[in-house]
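The first residue of the sequence shown is numbered 1, and numbering continues consecutively from there. Side chains included, hydrogens not; waters and symmetry mates left out as well; all remaining heavy atoms used.
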Amino acid sequence: MAQHDENVVWHNHPVTRAAREQQHGHRGVVLWFTGLSGSGKSTVAGALEQALHQLGVSTYLLDGDNVRHGLCRDLGFSDADRRENIRRTGEVARLMADAGLIVLTAFISPHRAERQMVRDLLAPGEFIEVFVDTPLAVCEARDPKGLYKKARAGELRNFTGIDSIYEAPEAAEIALDGEQLVTKLTARLLDLLRHRDIIKS
């Protein structure tokens with residue numbers, strides 16, 4: 001891991017996080033959606049972002065595939081590259097939360113240590129782990145990108161849930177049944193954000 005140069009110093013600027021949050025009218029937090037491929041992470045995160053946008057909430061959705069088109073385009077799918085993919089995304093999410101946004105991320109992020117790494121970047125209460133708990137059989141039946149079929153055929157190696165492990169969260173802030181209607185799951189998430197005083201009732 002690279003060490004910080006002693007000549008690189010963090011600058012505190014006149015516009016504070018509190019001022020940005022006041023302007024937005026809500027707190028900045030990170031909702032980290034995790035689950036198997038095909039579990040519905042991106043679908044639920046997208047539906048929640050739409051609902052928040054309609055409420056006038058400032059958001060940004062970081063999607064696993066989209067991030068790999070730019071920020072992480074140089075990374076593969078080895079364990080080391082996957083960890084770096086999550087680290088970079090976590091750092092970006094942290095900056096966006098500091099800007100006062102509600103950041104939604106949709107990443108398989110299969111290892112607990114990686115998700116804890118991102119949690120540790122943020123202050124207590126700013127990282128909300130959302131476990132989209134969908135059985136492997138259901139995810140494989142959906143197979144929206146045809147990836148499970150490729151993995152079963154041996155055309156795709158190190159695929160999470162097939163020949164690479166997924167470590168389910170042990171204490172996620174919220175666990176969602178990925179077989180339920182997206183509208184119901186979105187409502188649960190909005191209730192959570194209101195209960196935590198992140199958005200107004």
Chemist: By side chain to side chain donor-acceptor pair (under 3.5 Å), which residues pair with Arg27, not counting sequence neighbours?
Modeler: none
Chemist: Could you work out, with side chain to side chain contact (heavy atoms under 4.5 Å, CB included) as the rule, every residue matching Lys149, not counting sequence neighbours?
Modeler: Asp143
Chemist: What pairs with Asp98 under side chain to side chain contact (heavy atoms under 4.5 Å, CB included), at least two apart in sequence or on another chain?
Modeler: Arg17, Arg20
Chemist: Considering all heavy atoms of both residues, which atom of Ala172 and which atom of Pro169 are nearest to each other, and what is their separation?
Modeler: CB-CB, 3.8 Å
Chemist: Look at the side chain of Lys41 and the backbone N and O of Leu36, then say whether any donor-acceptor pair between them is shorter than 3.5 Å.
Modeler: yes
Chemist: Which atom pairs, donor and acceptor, lie under 3.5 Å between side-chain atoms of residues 88-95 and protein residues at least two apart or in another chain?
Modeler:
residue : atom : partner : partner atom : Å
Arg88   : NE   : Glu84   : OE2          : 2.8
Arg88   : NH1  : Leu71   : O            : 2.9
Arg88   : NH1  : Asp74   : OD1          : 2.8
Arg88   : NH2  : Asp74   : OD2          : 3.2
Thr89   : OG1  : Asn85   : O            : 2.8
Glu91   : OE1  : Arg94   : NE           : 3.2
Glu91   : OE1  : Arg94   : NH2          : 3.1

Chemist: Check for a donor-acceptor pair, side chain of Glu21 on one end and backbone N or O of Gly28 on the other, with a separation under 3.5 Å.
Modeler: yes
Chemist: What pairs with Asn66 under side chain to side chain contact (heavy atoms under 4.5 Å, CB included), at least two apart in sequence or on another chain?
Modeler: Asp63
Chemist: Using a 3.5 Å distance criterion without hydrogens, assess whether the side chain of Glu114 forms a donor-acceptor pair with backbone atoms of Ser109.
Modeler: no
Chemist: Within the structure provided, determine whether Asp120 and Gln116 are in side-chain contact (heavy-atom separation under 4.5 Å).
Modeler: yes
Chemist: For Arg115, enumerate each residue passing the salt bridge (charged side-chain N to carboxylate O under 4.0 Å, His left out) test, keeping only those at least two apart in sequence or located in another chain.
Modeler: Glu129
Chemist: Under the side chain to side chain donor-acceptor pair (under 3.5 Å) test, which residues partner Lys150, sequence neighbours left out?
Modeler: none
Chemist: Under the side chain to side chain contact (heavy atoms under 4.5 Å, CB included) rule, collect the residues that match up with Val138, sequence neighbours excluded.
Modeler: Thr134, Pro135, Arg142, Glu179
Chemist: What's the separation between atom OG in Ser39 and atom CG in Leu136, rounded to the nearest 0.5 Å?
Modeler: 11.0 Å
Chemist: Side chain of His24, backbone of Leu101: donor and acceptor closer than 3.5 Å?
Modeler: no
Chemist: Which heavy atom of Pro144 sits nearest a heavy atom of Gly38, and at what distance?
Modeler: CD-CA, 4.2 Å
Chemist: Hey, what else clusters with Leu55 if you join Ile, Leu, Val, Met, Phe, Trp, Tyr whenever side-chain heavy atoms sit under 4.5 Å?
Modeler: Val29, Leu31, Phe33, Val44, Leu48, Leu52, Val57, Leu61, Ile102, Leu104, Ile128, Val130, Val132, Ile174, Leu176, Leu185, Leu189, Leu190, Leu192, Leu193, Ile198, Ile199
Chemist: Would Leu122 end up clustered with Phe131 when hydrophobic side chains under 4.5 Å apart are linked, directly or stepwise?
Modeler: no
Chemist: Excluding sequence neighbours, so at least two apart, what forms side chain to side chain donor-acceptor pair (under 3.5 Å) with Glu173?
Modeler: Arg119
Chemist: Can you run down the ring-ring contact (aromatic ring centres under 6.0 Å, His included) pairs that involve residues 140-197, sequence neighbours left out, and say none if there aren't any?
Modeler: Tyr148-Phe159
Chemist: Can you tell me if Glu49 and Thr59 form a side-chain donor-acceptor pair at under 3.5 Å?
Modeler: yes
Chemist: If you link ILVMFWY side chains whenever their heavy atoms are less than 4.5 Å apart, which other residues fall into the same cluster as Leu75? By chain and number, please.
Modeler: none
Chemist: CZ/Phe107 to CG/Leu62 distance, rounded to the nearest 0.5 angstrom?
Modeler: 6.0 Å
Chemist: Find out if a path of hydrophobic residues (ILVMFWY) with successive side-chain heavy-atom gaps under 4.5 Å connects Trp32 to Ile108.
Modeler: no
Chemist: Counting N and O atoms only, with roles assigned by atom type, does the side chain of Arg68 sit under 3.5 Å from a partner on the main chain of Gly76, one being a donor and the other an acceptor?
Modeler: yes
Chemist: Group every Ile, Leu, Val, Met, Phe, Trp and Tyr by side-chain heavy-atom contacts under 4.5 Å, then state whether Ile86 and Tyr60 land in the same group.
Modeler: yes
Chemist: Side chain to side chain contact (heavy atoms under 4.5 Å, CB included) between Ile165 and His111: does it pass, once the steps are laid out?
Modeler: CA-CA 8 Å; Ile165 192 170; His111 299 120; 3.9 Å; yes
Chemist: For the residue pair Ile162 and Ala151, what are the closest heavy atoms and their distance?
Modeler: CG1-CB, 4.1 Å
Chemist: Please give me the minimum heavy-atom distance between Ser37 and Leu147, naming the atom from each residue.
Modeler: OG-CD1, 4.3 Å
Chemist: Should we say atom CD of Gln22 is surrounded by more than 12 heavy atoms from elsewhere, each under 6.0 Å from it?
Modeler: no
